[in-house]
Amino acid sequence: MLVTVDNVLTPDELALARDLLNRSEWHDGAITAGSQAALAKNNQQLAEGAQHLPALRQLVLSALERSPIFFTAALPLKILPPFFNRYAGQTNAYGFHTDGAMRMSPHRAQGYVRSDVSATLFLSEPNEYEGGELTIEDTFGTHGVKLRAGSLVLYPSSSVHAVSPVSKGQRLACFMFIQSMVRDAAQRRLLYDMDIALMRLRQTQGESDPIVRLTGIYHNLLRNWADS
């Protein structure tokens, strides 16, 4: 399941994030890649210990907490602290790869996070760079994603995906890995479709008796399928 969420960051939050990133030092992006992905990864990333990384992480996590669409699509149990990357110049692409299944938290006391859902939060406008499209392969084909700054795409961590070369400008983004309360991707998709339909029904019909009962079914399914 591929889901986009618009305007995760407010204009002020986006401006702050870009300001902090523009005042940061960048390092080789291979520092968070597994052995296979490192061969395909040619970008830059904020290293652990970067001065502005804690503020950037808190900004993104606070924004995600406000987003009902993010919650219903990911059903997050754990979110690995977000990372930030840059594609520009000679470090400008990430070939096709699959995200590792288990990710050690930078705060090692928190242990491992299973990557069920991956996410990219775009921090550069599409017209600020050429190329840099996120390409995701799933059972329904190949999808190219290049969103407005402040918008997010969620996709299965098990999917094969890549970032095409940035030939002009720079592409700034935040990426993260999420362990879902519902491990099974098909079950997550059913719950997402049902919850979105319920949201739309409430907007047009209010809290009618059938909607109340359907909401109960949603939560009973979530009860049966979720771990916490």
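Just so it is clear, the structure is predicted and the values come from calculations on it, not from any experiment.
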>> Tell me which pairs pass salt bridge (charged side-chain N to carboxylate O under 4.0 Å, His left out) where either residue lies in residues 4-18, with sequence neighbours left out.
In response: E13-R66, R18-E128
> Which residues pass the ring pair (Phe, Tyr, Trp, His ring centres under 6.0 Å) test with F83, sequence neighbours left out?
Replying inline: F175
>> Between D19 and N22 (side chain of the first, backbone of the second, donor and acceptor by atom type, cut-off under 3.5 Å), is there such a pair?
In response: no
> By side chain to side chain donor-acceptor pair (under 3.5 Å), which residues pair with N224, not counting sequence neighbours?
Replying inline: none
>> Hydrophobic clustering (ILVMFWY, side-chain heavy atoms < 4.5 Å, transitive) - are I211 and Y218 grouped together?
In response: yes
> Do you know which two heavy atoms are closest between S151 and L121, and how far apart they sit?
Replying inline: O-CD1, 3.4 Å
> How would you list, by chain and number, every residue that makes a side chain to side chain contact (heavy atoms under 4.5 Å, CB included) with R200, sequence neighbours excluded?
Replying inline: I196
> What pairs of residues pass the salt bridge (charged side-chain N to carboxylate O under 4.0 Å, His left out) test when at least one of them lies in residues 166-175, not counting sequence neighbours?
Replying inline: none
>> Please check this pair: side chain of S180 against backbone of L75, looking for a donor-acceptor N/O pair closer than 3.5 Å.
In response: yes
>> Starting from F70, can I reach L123 by hopping between I/L/V/M/F/W/Y residues whose side chains sit under 4.5 Å apart?
In response: yes
>> How long is the straight-line distance from OH of Y87 back to CG of N85, given to the nearest 0.5 Å?
In response: 4.5 Å
>> Please enumerate all residues that pass salt bridge (charged side-chain N to carboxylate O under 4.0 Å, His left out) together with E25, with sequence neighbours excluded.
In response: none
> Going by the salt bridge (charged side-chain N to carboxylate O under 4.0 Å, His left out) test, which pairs reach into residues 182-198, not counting sequence neighbours?
Replying inline: R189-D193
> Going from OG on S24 to CG on L56, what distance comes out if it is rounded to the nearest 0.5 angstrom?
Replying inline: 6.0 Å
> What pairs of residues pass the ring pair (Phe, Tyr, Trp, His ring centres under 6.0 Å) test when at least one of them lies in residues 141-165, not counting sequence neighbours?
Replying inline: H97-H161, Y155-H161
>> Side-chain heavy atoms under 4.5 Å apart, restricted to Ile/Leu/Val/Met/Phe/Trp/Tyr: what other residues fall into the cluster of M102, or is it alone?
In response: M104, Y112
> What closest approach, in Å, do V166 and G169 show between heavy atoms, and which atom pair accounts for it?
Replying inline: CG1-O, 3.6 Å
>> Please report the interatomic distance CZ(R86) to CD(Q44), rounded to the nearest 0.5 Å.
In response: 4.5 Å
> R213 and E207: salt bridge (charged side-chain N to carboxylate O under 4.0 Å, His left out), yes or no, with the steps?
Replying inline: CA-CA 10 Å; R213 296 179 185 278; E207 289 289 351; over 6 Å; no
> Do the side chain of N92 and the main chain of A88 share a donor and acceptor less than 3.5 angstrom apart?
Replying inline: no
> V8 and A63: which non-hydrogen atoms are nearest, and at how many Å?
Replying inline: O-CB, 3.5 Å
>> For the backbone of I69 and the side chain of T72, can you confirm whether one donor and one acceptor N or O come within less than 3.5 Å of each other?
In response: no
> Are side-chain N/O atoms of D116 and S157 paired as donor and acceptor at under 3.5 Å?
Replying inline: no
>> Applying side chain to side chain donor-acceptor pair (under 3.5 Å), can you list everything that pairs with S62, at least two apart in sequence or on another chain?
In response: Q58
>> Can you tell me how far apart CG (L214) and CG (L198) are? Round to the nearest 0.5 Å.
In response: 6.0 Å
>> Can you confirm whether the side chains of N43 and Y94 place a donor and an acceptor under 3.5 Å from each other?
In response: no
>> Considering only residues two or more places apart or on different chains, which pairs with a residue in residues 144-162 satisfy salt bridge (charged side-chain N to carboxylate O under 4.0 Å, His left out)?
In response: E125-R148
> Within the side chain of S115, is there an N or O that forms a donor-acceptor pair under 3.5 Å with the backbone of G100?
Replying inline: yes
>> Is there a path of hydrophobic side-chain contacts, each under 4.5 Å between heavy atoms of I/L/V/M/F/W/Y residues, joining L80 to M176?
In response: no
>> Taking M181 as the starting point, is it possible to reach L190 by hopping between hydrophobic residues whose side chains are less than 4.5 Å apart?
In response: yes
>> Under 3.5 Å, is there a donor on one side chain and an acceptor on the other for T215 and R202?
In response: yes
> With no hydrogens and no angle check, is any side-chain donor or acceptor of R114 less than 3.5 Å from a backbone partner on Q179?
Replying inline: no
> Hey, what do you get for CD1 (I178) to CG (L154), rounding to the nearest 0.5 Å?
Replying inline: 5.5 Å
>> Before you tell me yes or no, could you show the steps for S159 and D138 under side chain to side chain donor-acceptor pair (under 3.5 Å), namely the whole-Å CA-CA distance, both residues' side-chain angles and the distance that decides it to 0.1 Å?
In response: CA-CA 6 Å; S159 64; D138 66 13; over 6 Å; no
> To the nearest 0.5 Å, what is the distance between CD (E137) and OG1 (T139)?
Replying inline: 11.5 Å
> Can you name the nearest heavy-atom pair linking Y192 to V3, along with the distance?
Replying inline: OH-CG1, 3.6 Å
> According to a 4.5 Å side-chain heavy-atom criterion applied to Ile, Leu, Val, Met, Phe, Trp and Tyr, with indirect links allowed, do V153 and L14 form part of one hydrophobic cluster?
Replying inline: no
> Taking the hydrophobic residues Ile, Leu, Val, Met, Phe, Trp and Tyr, and joining any pair whose side-chain heavy atoms are under 4.5 Å apart, which ones share a cluster with F96?
Replying inline: V160
> For the residue pair V5 and S67, what are the closest heavy atoms and their distance?
Replying inline: CG1-OG, 3.6 Å
